Amino acid sequence: MFDSISNRFSSIMRSLSGKGKISEKNISEAVEEIKQALLDADVNLRVVRRFVNSTMEEAVGEKVLKAVDPGQMFTKIVYDKMVALLGDDKGNSLNLKGKDTTSIVLMMGLQGSGKTTACHKLAYRLKKEGRNVMLVAADLVRPAAVTQLELLGAKVGVPVFTVPGEKDPVAVARRAVDKARHDLVDTVIIDTSGRMHLDETLMTEIQNIARAVNPDETLFVADAMTGQQAVEIASEFEQKVGISGVMLTKFDSDTRGGAALSLKSVVGKPIKFIGTGEKAEDLEVFHPERIASRILGMGDVVSLVEKAQEQYDKEEAEKLQRKIEKNTYDLQDYLEQLEKMDKMGSVDKLIEMIPGAKGNINEDDIDLKALDIEKAIIRSMTKFEKQNYRIIGPSRRKRIAKGSGTSVAEVNRLLKKFEKSKLLMKKMATNKKFQASMLKNLGM
């Protein structure tokens, strides 16, 4: 995500970092490059002007020109401006009531924005947070919309309310809310119909549903890849219906970032969630400071740690730490780490979160095929072999290679790599100086 603008910004920041002294000319040139990068990213022109003018105004002051590290000071100014542009964390949480009453979330947007998929992702997220969720199929215009929502709801174990034969979405929404209150469901998510373009029929329909159910949240769902068009449509929905926040879909495919960088300033409403993939779990809370950090090539350690915490609980992590320290870490443990890494997301997303990695580590540098081969090799081993890799002699290596559809050379390579990894992890776990050196190399 944000590949093009992130690369541009990282390059601009690197050109000033480390300089003991910078001039107004250096700052002026950097700000001009920032302006061009924002325009190329399809950011709203008025937003670009405000961003550039306020950055220039603050950057040419004495606190930058005479700072001990002017490059870092300039980077901080740009970072702060970027966070302000994207919004703040205060508005990114859902305004839901307690679990003793029913909260209603109304989802709206144009056809093709990924609204129905967004509904089931949000349902999955809220269910994981302990809420009792019901999905409502009130999109009665698009063919198979009801069926699609039923299938997606079944995937994540969330019931879907439908009224077969009903043509009025307002009636469906009203009956769904009545049932939810009767059944003590605390969260209702209503999927509404969209159109290929804005029209009065669409707006009237959503206004009528909103009046009928009085939602706690009205979320506008937009395709991040449509850039300025998404911002214009969001403005229309805000004026005619009123929105409490935005959910950007296909955020992982948005290399420019125009919609995300313009929405808060133009529409005045926060981005609450971003869709980062096709799976139910690929929905993240939008944190402006973390996104700003990624755009500037500074990584996002907090999100990386959160992703790791989803796969490891504290007890698991401590158990793994003890194994490494006692040198009892085995191939079964290594296989489990590889499988957990798969669940954390794609390699390019993880690289983006590591400080200093953007531009220095490429997805192509990591051989994903080799990791798949390693998993196949370990799965072909017996339990005893996974626990005691030193017993794997020539005959066992041949059997393992045959069972995994690989070669003896690939088995040998894995065992050598594993032995080196064990030594490195033990050193990392017990040597404080080595830990500090590794963290410094990552820019942390």
Side-chain angles (χ1 to χ4, degrees), residues 1-92 227-228 230-232 234-235 238 246 248 254-271 286-300 355-356 358-359 443:
M1 62 187 79
F2 290 145
D3 286 348
S4 57
I5 192 171
S6 179
N7 291 337
R8 295 275 290 278
F9 267 85
S10 298
S11 176
I12 295 164
M13 298 306 134
R14 277 198 302 270
S15 69
L16 291 179
S17 66
K19 287 189 177 181
K21 198 172 183 181
I22 58 177
S23 64
E24 283 194 28
K25 184 173 182 290
N26 295 141
I27 290 174
S28 181
E29 288 171 350
V31 170
E32 185 58 33
E33 285 187 60
I34 287 171
K35 175 184 174 182
Q36 195 55 54
L38 291 171
L39 290 172
D40 290 346
D42 196 26
V43 178
N44 181 276
L45 183 58
R46 281 178 298 147
V47 174
V48 174
R49 282 176 182 157
R50 284 200 295 268
F51 185 91
V52 166
N53 290 340
S54 62
T55 301
M56 190 69 184
E57 187 180 327
E58 196 169 335
V60 295
E62 284 192 15
K63 73 176 185 179
V64 171
L65 298 178
K66 294 188 177 179
V68 175
D69 192 330
Q72 278 193 9
M73 184 61 76
F74 179 74
T75 300
K76 185 182 184 308
I77 289 170
V78 175
Y79 169 80
D80 289 342
K81 299 292 179 188
M82 187 69 71
V83 172
L85 188 68
L86 291 165
D88 57 56
D89 273 352
K90 291 176 185 175
N92 66 5
Q228 282 307 295
V231 179
E232 290 161 11
S235 298
E238 165 60 10
V246 178
L248 280 179
D254 181 22
T255 60
R256 295 189 299 172
L261 290 164
S262 304
L263 267 162
K264 182 65 169 67
S265 296
V266 176
V267 185
K269 300 295 179 181
I271 300 170
F286 185 82
H287 294 285
E289 76 286 353
R290 301 187 196 179
I291 298 298
S293 193
R294 291 192 211 181
I295 290 172
L296 297 181
M298 295 156 61
D300 181 2
K358 187 79 175 175

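All values below were derived from every heavy atom in this structure, side-chain atoms included, with hydrogens, water molecules and symmetry-related copies excluded. Remember, it's a predicted structure, so these values are computed and weren't measured experimentally.
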*Asks:* Could I get the full list of side chain to side chain contact (heavy atoms under 4.5 Å, CB included) partners for E232, not counting sequence neighbours?
*Replies:* Q228
*Asks:* Measure the CG-CE distance between L261 and M82 for me, rounded to the nearest 0.5 Å.
*Replies:* 6.0 Å
*Asks:* Looking at every heavy atom in both R8 and E33, which two are closest together, and how far apart are they?
*Replies:*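 Between these two residues, the closest heavy atoms are NH2-O, 4.2 Å.
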*Asks:* For the pair M13 and F74, evaluate side chain to side chain contact (heavy atoms under 4.5 Å, CB included) and give the outcome as yes or no after the intermediate values.
*Replies:* CA-CA 8 Å; M13 298 306 134; F74 179 74; 4.1 Å; yes
*Asks:* Considering all heavy atoms of both residues, which atom of G227 and which atom of D42 are nearest to each other, and what is their separation?
*Replies:* CA-OD2, 3.5 Å
*Asks:* What heavy-atom pair brings I27 and A59 nearest, and what distance separates the two atoms?
*Replies:* CD1-O, 3.1 Å
*Asks:* Would you please name every residue forming a side chain to side chain contact (heavy atoms under 4.5 Å, CB included) with V48, sequence neighbours left out?
*Replies:* K35, L38, L39, V43, V52
*Asks:* Quick check for you: to the nearest 0.5 Å, what is the distance between I34 atom CD1 and I12 atom CD1?
*Replies:*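 So the gap between those two atoms works out to 5.0 Å.
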*Asks:* So do V31 and S28 actually touch side chain to side chain, heavy atoms under 4.5 Å?
*Replies:*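 No. Closest side-chain heavy atoms not under 4.5 Å.
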*Asks:* A side-chain contact here means heavy atoms from C-beta on lying under 4.5 Å apart; do L85 and V47 qualify?
*Replies:* yes
*Asks:* Scan residues 45-54 for pairs that pass salt bridge (Lys or Arg N to Asp or Glu O under 4.0 Å), counting only residues two or more places apart or in two chains.
*Replies:* none
*Asks:* Are the side chains of Y79 and E289 in touch, meaning some heavy atoms are under 4.5 Å apart?
*Replies:*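 A side-chain contact exists here, since the closest heavy-atom pair is under 4.5 Å.
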*Asks:* Can you name the side-chain hydrogen bond (donor to acceptor under 3.5 Å, both in side chains) partners of E32, sequence neighbours left out?
*Replies:*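 Per chain and number, E32 pairs via side-chain hydrogen bond (donor to acceptor under 3.5 Å, both in side chains) with no residue.
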*Asks:* Just how far is it from atom CD1 of I77 to atom OG1 of T55, taken to the nearest 0.5 Å?
*Replies:*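 Rounded to the nearest 0.5 Å, the CD1-OG1 separation comes out at 8.0 Å.
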*Asks:* Taking all heavy atoms of A292 and all of V83, pick out the closest pair and write down the distance.
*Replies:* CB-CG2, 3.7 Å
*Asks:* Determine whether a donor-acceptor pair (N or O, by modelled atom type, separation under 3.5 Å) exists between the side chain of S54 and the backbone of F51.
*Replies:* yes
*Asks:* Can you list everything that forms a salt bridge (charged side-chain N to carboxylate O under 4.0 Å, His left out) with K81? Sequence neighbours excluded, please.
*Replies:* E58
*Asks:* With the side chain counted from C-beta on, respond yes when F286 and L86 share a heavy-atom pair under 4.5 Å apart, and no when they do not.
*Replies:* yes
*Asks:* Mind checking side-chain hydrogen bond (donor to acceptor under 3.5 Å, both in side chains) for N53 and listing every partner two or more places apart, or none if nothing turns up?
*Replies:* none
*Asks:* Counting N and O atoms only, with roles assigned by atom type, does the side chain of S10 sit under 3.5 Å from a partner on the main chain of S6, one being a donor and the other an acceptor?
*Replies:* yes
*Asks:* Where do A259 and A230 come nearest, in terms of heavy atoms and distance?
*Replies:* CB-CB, 4.3 Å
